[in-house]
Protein chains: 2
Amino acid sequence: MHLHLSRETIARTGLELIDRDGLEALTLRNIASELSVGVTTLYGHVRTRDEIVSDVVGLLLGEVDTTARSGEVWEEVLRRVATSVRAVAHRHPAAFTLVATAPVDEAPVLDYARAIEEASVAGGISEQRFIESWQVIDAFLTGFLMMEATALTRARAAEADDAGTTSDAFRGDMSKVHSDAAFAAALEIIIAGLRQKWGRE
Amino acid sequence: MHLHLSRETIARTGLELIDRDGLEALTLRNIASELSVGVTTLYGHVRTRDEIVSDVVGLLLGEVDTTARSGEVWEEVLRRVATSVRAVAHRHPAAFTLVATAPVDEAPVLDYARAIEEASVAGGISEQRFIESWQVIDAFLTGFLMMEATALTRARAAEADDAGTTSDAFRGDMSKVHSDAAFAAALEIIIAGLRQKWGRE
DNA sequence: ACCTGAACACCGTTCAAGT
DNA sequence: ACCTGAACACCGTTCAAGT
């Protein structure tokens, strides 16, 4: 009766649980009961809970559009990746923390970076300059989307509670800024900074 | 025999535990036994574990040098804050995840942002432009330092284990980039992008 | 008032046993 | 081979009881 129980099925179920009930719902016991299986059965397909977390990160980064398009220059590649990863963060806000805390030198994040590098180099940027630009842009994306995702998750959690009790002007200023326009503007600031630096070299 | 048990003592003990034994050591039971006190005693001074986490974030951000210096222009303020918060992340790598995942519209992070705004405005930047610049720089700092802190934490944890088994060239390229020079260069790229945008307005 | 052990409903993981 | 319940050593939190 096991519906193709596998590492991927386990990770996919885990992501569904996080999307539905929050990050703290990512539990071996929850996954097992969702799959109508004993808890210890999971250990036949997965070594530890951390392995499931890594697989979930892989699922999330797999949703990002990192394919190269012909005729696309590197700025366009980076804009498309930025928009795409932001969409993932908005679709899976509670799970996005896992992406932000994932080790950058291991499989899922490394594969993601490699794909973006390939598409960027195809877009006419040197490998060295790609690394320099991705260093800044990846850090920015991680930080920005982490903050947005945290705010989204908490807003969603507060839905069931009373109306908001926020009334601080500064707080409003700082959070309203998280918008499509602010995100795009920030990305352009970084690209402008890169272009200026390289123009001088 | 209670050594001034208070919210701050609890948070300070919690931070020491994280620094010594990692983030998963931040446990009510560990804090209590460190203070030679029953677990439930903590509930006399703290409502939930999350409150302790928020207090630890406050301690970390309190270590950042956000004071205004006379004669300092806004770029210098932002460089000093960046260097200072990076030092905090290096001193408390395991705890830094808490800063990155903390809600940006609540007390500890909000106070921190307010102090930097004040120093920056004293350094000759308008409030509107400060918000625009901090949006990018804060996201960059959060993302960059999160990655560094994660790498540091894992490297420290691997000390007790065997020698590293890493042998991938690309992985080396991507991680070596995390250096003082790369950090400073990234910050200058963002500042250059901001100046260019404002120069055109 | 302040502190507390016992208890509750959970965790991840191991292990010996079932089929 | 594959799956499993019971058990272990933990969690945060509550509650009624101690001093």
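Here is the naming used below: chain letters follow the sequence lines, and residue numbers restart at 1 for every chain.
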ask   = With sequence neighbours left out, which residue pairs that include part of residues 6-51 of chain A fulfil the ring pair (Phe, Tyr, Trp, His ring centres under 6.0 Å) condition?
value =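 Residue pairs passing ring pair (Phe, Tyr, Trp, His ring centres under 6.0 Å), neighbours aside: none found.
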
Indicate every side-chain donor-acceptor pair of residues 59-71 of chain A with a distance under 3.5 Å to a residue at least two apart or in another chain.
unit_1: A:Glu63; atom_1: OE1; unit_2: A:Arg91; atom_2: NE; d: 3.1
unit_1: A:Glu63; atom_1: OE1; unit_2: A:Arg91; atom_2: NH2; d: 3.0
unit_1: A:Glu63; atom_1: OE1; unit_2: A:His92; atom_2: NE2; d: 3.2
unit_1: A:Glu63; atom_1: OE2; unit_2: A:His92; atom_2: NE2; d: 3.0
unit_1: A:Asp65; atom_1: OD1; unit_2: A:Thr67; atom_2: N; d: 3.3
unit_1: A:Asp65; atom_1: OD1; unit_2: A:Thr67; atom_2: OG1; d: 2.8
unit_1: A:Asp65; atom_1: OD1; unit_2: A:Arg80; atom_2: NH1; d: 3.2
unit_1: A:Asp65; atom_1: OD2; unit_2: A:Arg69; atom_2: NH2; d: 3.3
unit_1: A:Asp65; atom_1: OD2; unit_2: A:Arg80; atom_2: NH1; d: 3.1

ask   = For the pair made of CG in A:Asp21 and P in C:dC10, what is the distance, rounded to whole Å?
value =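 From A:Asp21 CG to C:dC10 P: 13 Å.
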
inquiry  = Once side-chain contact (heavy atoms from CB on, under 4.5 Å) is applied, do any residues pair with A:Val121, and if so which ones, sequence neighbours excluded?
reply    =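 A:Val121 satisfies side-chain contact (heavy atoms from CB on, under 4.5 Å) with A:Glu117 once adjacent residues are dropped.
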
request  = Just jot down the side-chain contact (heavy atoms from CB on, under 4.5 Å) partners of B:Arg47, sequence neighbours excluded, or say none.
outcome  =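 For B:Arg47 the side-chain contact (heavy atoms from CB on, under 4.5 Å) partners, ignoring immediate neighbours, are B:Glu51.
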
Within the sub-3.5 Å range, which N or O atoms of nucleotides 12-18 of chain D have a protein N or O partner, and how far apart are they?
unit_1: D:dG12; atom_1: OP1; unit_2: B:Leu28; atom_2: N; d: 3.4
unit_1: D:dG12; atom_1: OP2; unit_2: B:Leu28; atom_2: N; d: 3.2
unit_1: D:dG12; atom_1: N7; unit_2: B:Arg29; atom_2: NH1; d: 2.5
unit_1: D:dG12; atom_1: O6; unit_2: B:Arg29; atom_2: NH2; d: 3.1
unit_1: D:dT13; atom_1: OP2; unit_2: B:Tyr43; atom_2: OH; d: 3.1
unit_1: D:dT13; atom_1: OP2; unit_2: B:Arg49; atom_2: N; d: 2.9
unit_1: D:dT13; atom_1: O5'; unit_2: B:Tyr43; atom_2: OH; d: 3.2

key: Partners meeting salt bridge (charged side-chain N to carboxylate O under 4.0 Å, His left out) with B:Glu8 (sequence neighbours left out)   =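 Testing B:Glu8 for salt bridge (charged side-chain N to carboxylate O under 4.0 Å, His left out), a comparison that skips the adjacent residues, returns B:Arg12.
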
request  = Give the stems involving DNA chain D, where a stem is 3 or more consecutive Watson-Crick or G-U wobble pairs (i with j, i+1 with j-1, and so on) under 3.5 Å.
outcome  =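 In DNA chain D, stems of three or more pairs: C:4-8 with D:12-16, C:12-16 with D:4-8.
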
query = What is the distance from CD1 of B:Ile52 to P of D:dC11, rounded to the nearest Å?
reply =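 My rounded result for the distance is 13 Å.
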
message = Going by side-chain contact (heavy atoms from CB on, under 4.5 Å), name the residues that satisfy it together with A:Leu187, two or more places apart in sequence or in a different chain.
response =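 A:Leu187 satisfies side-chain contact (heavy atoms from CB on, under 4.5 Å) with A:Arg79, A:Ala82, A:Ile137, A:Ile191 only.
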
ask   = Looking for any heavy atom pair under 4.0 Å, which part of the strands does A:Gly44 touch: base, sugar-phosphate only, or nothing?
value =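 Nothing, no nucleic acid heavy atom in range.
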
inquiry  = Can you list everything that forms a side-chain contact (heavy atoms from CB on, under 4.5 Å) with A:Thr97? Sequence neighbours excluded, please.
reply    =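 Listed in chain order: A:Leu23, A:Thr101, A:Met146, B:Thr101.
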
ask   = Does a side-chain N-to-carboxylate-O contact under 4.0 Å join A:Glu34 and A:Arg20?
value =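 Here A:Glu34 pairs with A:Arg20 in a salt bridge, since their nearest N and O are under 4.0 Å apart.
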
